[in-house]
Amino acid sequence: MKETIFSKIIRREIPADIVYEDEAVLGFRDISPQAPVHILFVPKTAYATLNDVPATEAELLGKLMLAAADYARREGFADSGYRVLMNVNRDGGQTVFHVHLHLLAGRALHADFG
Ligand code: AMP
């Protein structure tokens, strides 16, 4: 896959506001937040889109979700709630082609998936 800005963030070649890290996942603040809390959880192993993740990496996808839940618990908004979502390709609105999970919180998010 082509190199993206997220690989550079993972390698600490460009700055980011990193808020979460474990052996498989890095979490950092979105540069253009759509909610008071907007974190991107990125696997350190790069796949361009969800379509490119092989079945053997099911655990990696689980780790992304659990990293978001762990962060929500730690920051105290797990019970009030939050949203996780992944954009895939053009119609999904994906702009950075390194798989990532968005975590949005800090305001009431309406069920508008437009
Ligand atoms: P997506 O549209 O799902 O591909 O999401 C890509 C996200 O990456 C967007 O919400 C951007 O605001 C965010 N983004 C792009 N460049 C950076 C950066 N250097 N640091 C943090 N977030 C970024």
Side-chain angles (χ1 to χ4, degrees):
M1 65 169 261
K2 275 208 299 199
E3 172 82 0
T4 72
I5 199 152
F6 290 176
S7 301
K8 294 194 172 83
I9 289 173
I10 290 166
R11 293 198 302 265
R12 303 324 202 250
E13 288 170 14
I14 62 166
D17 189 354
I18 294 169
V19 298
Y20 178 94
E21 182 162 25
D22 63 32
E23 79 293 348
V25 177
L26 191 71
F28 51 91
R29 290 188 197 284
D30 195 294
I31 206 166
S32 174
Q34 304 301 306
V37 178
H38 187 170
I39 311 297
L40 301 174
F41 290 90
V42 175
K44 291 180 179 175
T45 308
Y47 296 101
T49 80
L50 182 59
N51 298 332
D52 302 302
V53 181
T56 50
E57 288 281 44
E59 193 180 348
L60 181 62
L61 294 176
K63 283 179 176 171
L64 276 187
M65 299 291 269
L66 293 175
D70 181 57
Y71 181 80
R73 265 192 301 273
R74 206 155 24 90
E75 292 298 307
F77 58 79
D79 289 343
S80 54
Y82 58 98
R83 178 172 295 164
V84 290
L85 65 91
M86 186 179 286
N87 298 325
V88 181
N89 277 335
R90 183 196 56 221
D91 284 359
Q94 186 174 6
T95 59
V96 177
F97 287 86
H98 179 140
V99 163
H100 54 281
L101 193 69
H102 294 257
L103 163 62
L104 298 155
R107 67 172 169 83
L109 296 156
H110 303 290
D112 171 8
F113 295 103

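Atoms within a ligand are numbered from 1 in the order they appear, just like the ligands themselves.
When the heavy atoms of Ile5, Asp30, Ile14 are ranked by distance to atom 13 (C) of ligand 1, first place goes to Asp30.
Atoms of ligand 1 found under 4.0 Å from any heavy atom of Arg29 (numbered from 1 in listed order, with element): 21 (C). Within ligand 1, the atoms closer than 4.0 Å to a non-hydrogen atom of Asn87 are 1 (P), 2 (O), 3 (O), numbered from 1 in the order shown. Residue-ligand proximity, Ser32 to ligand 1, at heavy-atom distances under 4.0 Å covers atoms 12 (O). Here is the list of ligand 1 atoms found below 4.0 Å of a heavy atom in Val96: 4 (O), 6 (C). Within the listing of ligand 1, atoms 1 (P), 3 (O), 4 (O), 5 (O), 6 (C) sit less than 4.0 angstrom from a heavy atom of His100.
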I would like to know whether Leu60 and Val53 meet side-chain contact (heavy atoms from CB on, under 4.5 Å); could you show each step before the answer?
CA-CA 9 Å; Leu60 181 62; Val53 181; 5.6 Å; no

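Considering backbone and side-chain atoms together, Thr95 places an N or O closer than 3.5 Å to an N or O of ligand 1. In terms of polar-atom proximity, Gly93 is counted as a contact of ligand 1, with an N or O under 3.5 Å from an N or O of the ligand. The shortest N/O to N/O separation between Ile31 and ligand 1 falls below 3.5 Å. At under 3.5 Å, a nitrogen or oxygen of His102, whether backbone or side chain, sits near a nitrogen or oxygen of ligand 1.
For the side-chain contact (heavy atoms from CB on, under 4.5 Å) test with Val84, the passing option among Leu104, Leu64, Leu103 is Leu103; the others fail.
Open room surrounds CE on Met65; 12 or fewer heavy atoms of other groups in view lie less than 6.0 Å from it. Surrounding CZ of Arg11 are more than 12 heavy atoms belonging to other residues, nucleotides or ligands, all under 6.0 Å away. Around CD of Glu59, the count of heavy atoms belonging to other residues, nucleotides or ligands within 6.0 Å does not exceed 12. Open room surrounds CG on Asp79; 12 or fewer heavy atoms of other groups in view lie less than 6.0 Å from it.
Under the 4.0 angstrom criterion for non-hydrogen atoms, Met86 is not in contact with ligand 1. Not close to ligand 1: Gln34, with no non-hydrogen atom less than 4.0 angstrom away. Ligand 1 is approached by Phe6 to a heavy-atom distance shorter than 4.0 Å.
Looking at His98, its side chain does come within 3.5 Å of a backbone N or O of Pro43 through a donor-acceptor pair. Lys44 places a side-chain N or O within 3.5 Å of a backbone atom of Asp22 that can act as its donor or acceptor partner. Panel note: side chain Gln94, backbone Ala48; a donor-acceptor pair is recorded below 3.5 Å.
The part of Phe28 lying near ligand 1 is the side chain, judged by heavy-atom distances below 4.0 Å.
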